[in-house]
Structures are given as C-alpha cells and as structure tokens.
There are 2 protein chains.
Amino acid sequence: MFVRSAADASSPLHSLRELGLNTDSNPIISLNEFTYKKGSEVYGEKEPAEYVYQVKRGAVRSYKLLSDGRRQIGAFHLAGDIFGLENGSSHRFTTEAIVDTTVRLVRRQSLELVAQDDAMVARNLLSMTTSNLQHAEDHMLLLGRKTSLERVAAFLMEMDQRLTAAGIMALPMSRRDIADYLGLTLETVSRALSRLHELGILGFIGNNQRQIVLLDRPQLASLDLQN
Amino acid sequence: MFVRSAADASSPLHSLRELGLNTDSNPIISLNEFTYKKGSEVYGEKEPAEYVYQVKRGAVRSYKLLSDGRRQIGAFHLAGDIFGLENGSSHRFTTEAIVDTTVRLVRRQSLELVAQDDAMVARNLLSMTTSNLQHAEDHMLLLGRKTSLERVAAFLMEMDQRLTAAGIMALPMSRRDIADYLGLTLETVSRALSRLHELGILGFIGNNQRQIVLLDRPQLASLDLQN
DNA sequence: CGGGCACTTGATGCCCATCAATACGTGTGG
DNA sequence: CCACACGTATTGATGGGCATCAAGTGCCCG
C-alpha cells in the first residue's frame, strides 16, 4: 500500500497535498493532529468512517477478525501513509497503533465536498484507492500461493523499500503482527528469519530482534518468485 | 466483485449505464461487442490497458502467475460484471474466457475523457474500484486464515448470490479454477464438496458436477465464520 | 465410438501449526 | 541497584491438514 520512500515520509504533507488538501487555499479543511498510545484502537470495523488519517510518526496495523479470533492484517501504515480512506460510509478494517503514533486527520465529508468540484482531487482519490487495490491483489497471490520462506522474503523486501534508513530496517511490529500479515504463525516467521540469518542474507543489529540489516538483497529477491 | 443479482444481469447495460456511458447522450463512446472462445485470453498481465470490458454472456477468470506456474485467481467475472478497469496504463491480471464469452468493450481513453468533465462518472469509477478493493480485502482474510471447508463454503455462498437462477447454481468454472481462486488444490476442493454433499447441505443436478443446488443455506453459512 | 479431460477417491508425505520449554530484554517496585 | 515478573522471541518435539501421488470412473467431444 502506498509505496513510499523515506524521502517522502520526511516531507510531511506530501500525501495530503497530493489529495489537493492545501489548507491555504481550502480554509474549510482543518488538519488536526492526534496521538494514539501503543496498542490503542484508532477505529473499529463497521464504525462510521468520519475521518481520513495520515501517519505523521509511528505505525498502524489494519486487520479483520474471524469470530474465533483468527486475525488477518491487510496492511501496515507507516510514516507518510494515508489510511481510513474508505469511500463508503463505514470502515472495513479495525486499525490500531503498533507503537505510539501521531496522525493527522481530515473529515471525510470535507474531502468529498472538495472532490465534487475539483477533478484533480477526485482523480487522486481514485489513484490512491487503486494503489490500495494493487497492494491487495499482490497480497492475495502471496497468501494463496507462496511458501513461508517466500512470504517472509517478500515482507522483508516490502519493508526494506518502505522504512529502511541508513541501511537499517527498524521494524515497529512484532513477530505475531508479521505472521498475521503473512497468513502464518509467529513461530514459522521466526524460523524463516533464523534461516535467512543462517544463510547470511540478513543480520540483526545488537540484540534487538526488530532491527534488521539486509546483507544480500539479490539473494533475498531470488527467494521470492517474480510476479 | 460487483455483487449482482440475476435480475441485474438480465438488464444488459446496467453497469455501463451506471458509469454514465449512455450511448445516446455520448455519441463519442462506442460500445463494441466481441466474443472469446472458451480458454482464450482477453488480455495479458502488463499489457497496455486499452479497453474496459463488460461480460454480456459467459464468464471470465482473472489471475496472476508465479514463474513456476502457481496460479492465483483474483476474481471471476460473470454476466453483467465489468472488468479490466485498471485505472493505470497496464493490466495487473491476465484474463481468460472460462466458457465462450461475449463482452462489450469501451476504450479506456473515452472513459477518462468523460470522467474528466462529469463528476458523476468519476464518482462511479471510484465506487467500482472501491467494490473491487472490498472484495480483495475479504478474499485476503479467506486466503490467509480460513480452513478448506470454510473457503469452499464461502465460495458457494458468493456464487449462490451471483449466479443462482431457479434454485440451481450452474458453475462455469472447473475444480481447478475454484482451487486457484481459494488457494487450495483441486483435490481438496473436490473433497470439501463431497463432504458438503454427505452432510446434506448441497445436491448435484443429474450427473453434472457443476450444477449444484443448495439445500441448507443456513448450515452452509454457519460453516463460514462471520467476518 | 474412442480418446482424453474432469472429477472423485484413496494412500502417503510434508510443510506448517501446535504444544512446550527456554532465553532474553524490559520495565517495575522493593 | 537488583530481584522478579512479564512480554517477546527462539528453538525443539509432535501432530494435523492439506498437498502430492496415484488409480479409477464417467462424460464430453471430436
């Protein structure tokens, strides 16, 4: 979802500006900020979709649950990403802050009003929804047809693109989160990471199991079969 | 994708009309028809997206392949459904006719031109893309977290809604297609259907293994855990 | 009418889930 | 500051669900 480089994330309003939400020219639209504590819910599935969010700092997971507790995470939202853009009256995922997270928020209604008149804004809403769709389509292939090692390799390459800074990838999410994103168990994720470590494809920084260095991106890429 | 009743399918232009593509008022846009033979490709992944399609008669599968041949079907397109709406310059799936299939087609460029000026058309493009996204999101949960029996039950309920006429569901697709849609093998799909048959939940019409009658929808629904 | 494709059903195997034990890191309170 | 508790991760042992391999049936289509 929203593939975005570190550079993008560092220019904070990038994505909302893309939507045409320039506060100078659109005084109607207010960009409020809010901070969620680690683990707290931003919104629940089926709640009315009142706001659209952009991650300023932190990370968010959005997921669906089965009645017996099985969880599928559909996406992780990192700095710069926009989420909660449902384009329907209610949210289709539950979202939670993975770590302490600050978001900007915009009333959905404001967005729709602007999109009504501004073709450019409408176009950008469509292109963001299409990005989300493309991510979901690729993820269906992963969930339906890839092995555990391929899934973990694909995950690392996705995160490498989205949050590596200075060669170090600092994952905000736990093994369980990764597992629920990849349709695996946390043990299987852990074993796959250990295996990649043994193979010399990745290393851990110090004793922090969430700080990872990719030592051999080509070999990692070769483990995940091309689309 | 595009949940649609038999009644909808019988009013042929329903969906393209929704898009605002009324040929009377938009003489620019021509609605051509074309028929694809069973098994033939409509377009390939990464080909430039020149047309948008609507199924008039027949059925279409859209899928992605891994380099070693593993296949994931992302959606089935039945009578009335619109597909190929990529909103980018190239297609993200390969699509093939499952049976002999007639489609209407519209130049993508025409659509974009109209959407430029007509907010209503733009709105409908967005809402169709959102429908596709919602289907993909639900399918991620199925692929990542449901058991084989749950998947097959969910498949039957989806198809029941979309193509049951006179109480009979006539599936156009093979067991292999169903398997590649559900992230299973064809044997597992077959066993699940046999099991549902034994349980008295479904019956087959005559000796045609693709004509199914649902005998106990409530029980079928109970096998697939609520979202 | 014959050949082959689609489907079912059975036997076996393997990958990943589950169950379990241990280690480690972090935060807390005495 | 250290003991302790708890959450997170790793690693090992075992099991199960689905994949794979295989055989047989029936039907569609040439």
Side-chain angles (χ1 to χ4, degrees), chain A residues 37-39 61 66 68-72 96 98-100 142-153 155-156 170-199 202-212 223, chain B residues 37-39 59 61 66 68-72 98-100 142-153 155-156 170-199 202-212 223:
Chain A
K37 284 239 173 68
K38 172 179 174 174
R61 59 181 167 246
L66 293 177
D68 63 357
R70 280 174 285 174
R71 182 177 70 158
Q72 180 62 45
E96 290 171 356
I98 295 175
V99 294
D100 291 358
L142 179 150
L143 293 171
R145 289 299 180 219
K146 292 186 180 176
T147 66
S148 63
L149 198 63
E150 289 167 349
R151 294 179 200 210
V152 171
F155 170 76
L156 289 173
L171 299 175
M173 71 289 284
S174 68
R175 298 292 187 260
R176 171 168 293 280
D177 287 337
I178 298 171
D180 286 347
Y181 179 58
L182 299 178
L184 300 169
T185 61
L186 64 93
E187 292 94 331
T188 297
V189 170
S190 179
R191 278 183 244 272
L193 289 171
S194 297
R195 182 122 167 267
L196 294 172
H197 190 201
E198 287 165 20
L199 291 170
L202 62 81
F204 294 96
I205 307 294
N207 289 326
N208 187 331
Q209 295 127 326
R210 296 193 187 179
Q211 294 189 353
I212 293 177
L223 292 178
Chain B
K37 286 237 172 69
K38 171 177 174 173
R61 57 180 169 248
L66 292 176
D68 63 357
R70 279 174 285 173
R71 182 177 70 158
Q72 179 63 45
I98 295 176
V99 293
D100 291 359
L142 178 150
L143 293 170
R145 289 298 179 218
K146 291 186 180 177
T147 66
S148 62
L149 198 63
E150 289 166 348
R151 293 178 200 212
V152 171
F155 169 76
L156 290 173
L171 299 175
M173 70 289 284
S174 69
R175 298 291 188 262
R176 171 168 292 280
D177 287 337
I178 299 172
D180 286 348
Y181 179 59
L182 299 178
L184 300 169
T185 61
L186 63 92
E187 293 94 332
T188 298
V189 170
S190 179
R191 277 184 244 271
L193 288 171
S194 296
R195 183 123 164 267
L196 294 173
H197 190 200
E198 287 166 19
L199 291 170
L202 62 82
F204 295 97
I205 307 294
N207 288 328
N208 189 329
Q209 294 128 328
R210 296 192 188 179
Q211 293 189 353
I212 293 176
L223 292 179

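The chains referred to below are lettered A, B, ... by the order of the sequence lines, with proteins before strands, and numbering in each begins at 1. Just so it is clear, the model here is predicted, and its values are computed rather than measured.
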So what does [X] hit on the nucleic acid, given a heavy-atom distance under 4.0 Å: a base, only sugar-phosphate, or nothing?
X: B:Arg210; answer: sugar-phosphate
X: A:Gly183; answer: sugar-phosphate
X: B:Thr185; answer: base
X: B:Arg151; answer: nothing

Between [atom2] of [N] and [atom1] of [X], the distance in whole Å:
X: B:Leu193; N: C:dC7; atom1: CG; atom2: P; value: 10 Å
X: A:Glu198; N: D:dT10; atom1: CD; atom2: C1'; value: 12 Å
X: A:Gln211; N: D:dA9; atom1: CD; atom2: P; value: 13 Å
X: B:Met173; N: C:dC7; atom1: CE; atom2: C1'; value: 16 Å
X: A:Asp68; N: C:dT18; atom1: CG; atom2: P; value: 10 Å
X: A:Arg70; N: C:dT18; atom1: CZ; atom2: P; value: 9 Å
X: A:Arg175; N: C:dC16; atom1: CZ; atom2: P; value: 18 Å
X: B:Arg195; N: D:dG17; atom1: CZ; atom2: C1'; value: 11 Å

For DNA chain C, whose closest nucleotide is more 5', that of A:Glu187 or that of A:Leu149?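 It is A:Leu149, whose closest nucleotide lies nearer the 5' terminus.
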When you compare the side chain of B:Arg151 with that of B:Arg145, does any pair of heavy atoms fall below 4.5 Å? no
Heavy-atom check, side chain of B:Arg210 versus side chain of B:Ser174, under 4.5 Å: yes
Atom pairs, N/O to N/O, protein against nucleotides 24-30 of chain D, distance under 3.5 Å?
{"unit_1": "D:dC27", "atom_1": "OP1", "unit_2": "B:Asn207", "atom_2": "ND2", "d": "2.8"}

Under the side-chain contact (heavy atoms from CB on, under 4.5 Å) criterion, do A:Leu149 and A:Arg195 qualify, and how do the steps go? CA-CA 9 Å; A:Leu149 198 63; A:Arg195 182 122 167 267; 3.6 Å; yes
A:Met173 to A:Ile98 - nearest heavy-atom pair and separation: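 Closest approach of A:Met173 to A:Ile98: CA-CG2, 3.8 Å.
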Calculate, to the nearest 0.5 Å, the distance between atoms CD and CZ belonging to A:Gln211 and A:Phe204 respectively. 11.0 Å
Distance, nearest 0.5 Å, that separates CG of B:Leu196 from CD of B:Glu198: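 One gets 9.0 Å once the value is rounded to the nearest 0.5 Å.
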Nearest listed nucleotide, side chain of [X], among [options]:
X: B:Arg191; options: C:dA17, C:dT9, D:dA9; result: C:dT9
X: A:Ser148; options: D:dA9, D:dT20, C:dC16; result: C:dC16
X: B:Ser194; options: C:dT9, D:dA9, C:dT8; result: C:dT9

Contacts table for residues 184-194 of chain A: side-chain donor-acceptor under 3.5 angstrom, sequence neighbours left out:
{"unit_1": "A:Thr185", "atom_1": "OG1", "unit_2": "A:Thr188", "atom_2": "N", "d": "3.3"}
{"unit_1": "A:Thr185", "atom_1": "OG1", "unit_2": "A:Thr188", "atom_2": "OG1", "d": "3.1"}
{"unit_1": "A:Ser194", "atom_1": "OG", "unit_2": "A:Ser190", "atom_2": "O", "d": "3.1"}

Apply the test side-chain contact (heavy atoms from CB on, under 4.5 Å) to residues A:Lys146 and B:Gln72: give CA-CA distance (whole Å), side-chain angles for both, the deciding distance (0.1 Å), then the verdict. CA-CA 10 Å; A:Lys146 292 186 180 176; B:Gln72 179 63 45; over 6 Å; no
Angle between terminal axes - the helix from C:dC1-D:dG30 to C:dG30-D:dC1, 5 pairs each end, rounded to 10°: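 Inter-axis angle at the termini of the helix from C:dC1-D:dG30 to C:dG30-D:dC1: 40°.
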Closest-nucleotide mapping onto DNA chain D: is B:Leu184 or A:Leu186 further toward the 5' terminus? I mean the 5' end.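 Its nearest nucleotide lies further toward 5', so the answer is A:Leu186.
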Tell me if the side-chain of A:Arg176 makes a donor-acceptor pair with the base of D:dT10, cut-off 3.5 Å, by modelled atom types. no
OP1 or OP2 of D:dA19 versus the side-chain N and O atoms of B:Thr188: is any pair under 4.0 Å? yes
Flag the pair A:Asp177 and A:Arg175 as a salt bridge only when some basic side-chain nitrogen lies within less than 4.0 angstrom of an acidic carboxylate oxygen.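 No.
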Which residue, A:Leu202, A:Leu223, A:Ile178, forms the side-chain contact (heavy atoms from CB on, under 4.5 Å) with A:Leu156? A:Leu202
